[in-house]
Every structure is written in C-alpha cells, then in structure tokens.
Amino acid sequence: GHRTGGHRAGASFMPLALSGLAGLQAAGPAKARLAAWIGGAENSCLAAMALLDRLAAWRAAAEHDLIDQTGRTPAMLVALLADWPMVSGPMAAAQTGASRAAVQRNLDRLAARGLIREITGQGRYRVWTAKL
C-alpha cells in the first residue's frame, strides 16, 4: 500500500474496536450516540497510530538485530510481519517467494531471538506475530 510518514495512507475502515466498544453502542438519543461514535473513532485512531509506531520501531530494531544474518529471507519476513498482524508459514512462503523450509527455518530463528512469537501453540498450522 501507499505509505506516508511511515504509516499506511488511505485506510479503508475505521478501527473502532481498538479502544473499547463505547463508539459502537447504539443506545440513547442520536446526539449522544454520534458523540460516542466520534469519541470512539478518535480514540481508536490514536490507538492505531500508536500501534503503527510500535511496529515501525519493532521493524527497525529487528532489522538491526538481524544484521549478522545472510540471505534475503530474514529481512523479507521482518517486512511481512511489520505489515501483517499474523503470518503463517505458507503465507510467508507465498509472499516472500522463499521455500517453505527456508521460511520455517528463519521463523524459528526470529522466534529464538525473541523478535516474534508463535500464537497458536500448535505443532502444525502455526501462526506468528511480531513480539512488540
């Protein structure tokens, strides 16, 4: 996607649930509901921007931590994990063009370095996320 100042421009949704459900309540007079929605939208946008800042900082730190690694796969995985909240092995292989074995090996290395964590707790069909 198009980037501006380190953040994605032109989001196609309002992340209302990021700061609680107050902005999604449909009770009371229209003026109160609209005020709640606007307040929820503002708080959620601030939360989303803070998350994007944390992801940018994570990406920079991860890239620095991997300076001793050879090959393109580690850097491509870091970029992928900075753009997607959850990544599976097959998705990472499809997005990076690396083999499944190379992806798995590098995901394990990133996890061993404490940069990512596996979130499913399974031996198969695992999914990783950036460790913020």
Nearest non-hydrogen partners of [X] and [Y], listed with the distance:
X: Asn106; Y: Pro74; answer: OD1-CG, 3.2 Å
X: Ala102; Y: Thr73; answer: O-CG2, 4.2 Å
X: Leu80; Y: Ala92; answer: CD2-CA, 3.6 Å
X: Gln122; Y: Arg124; answer: CB-O, 3.2 Å

Joint hydrophobic cluster, Trp84 plus Val78, side-chain heavy atoms closer than 4.5 Å: yes

Rounded distance (nearest 0.5 Å) linking atom [atom1] of [X] with atom [atom2] of [Y]:
X: Asp68; Y: Leu66; atom1: CG; atom2: CG; value: 7.0 Å
X: Leu115; Y: Trp128; atom1: CG; atom2: CH2; value: 14.5 Å
X: Ser88; Y: Glu118; atom1: OG; atom2: CD; value: 11.0 Å
X: Gln69; Y: Leu110; atom1: CD; atom2: CG; value: 8.0 Å
X: Leu51; Y: Ser44; atom1: CG; atom2: OG; value: 12.0 Å

So do [Y] and [X] actually touch side chain to side chain, heavy atoms under 4.5 Å?
X: Val87; Y: Leu77; result: no
X: Ile116; Y: Trp58; result: yes
X: Leu55; Y: Arg59; result: no
X: Met86; Y: Met91; result: no
X: Arg105; Y: Arg109; result: yes

Exceeds 12 heavy-atom contacts within 6.0 angstrom, atom CG of Leu132: yes

Arg113 atom CZ: more than 12 heavy-atom contacts under 6.0 Å: yes

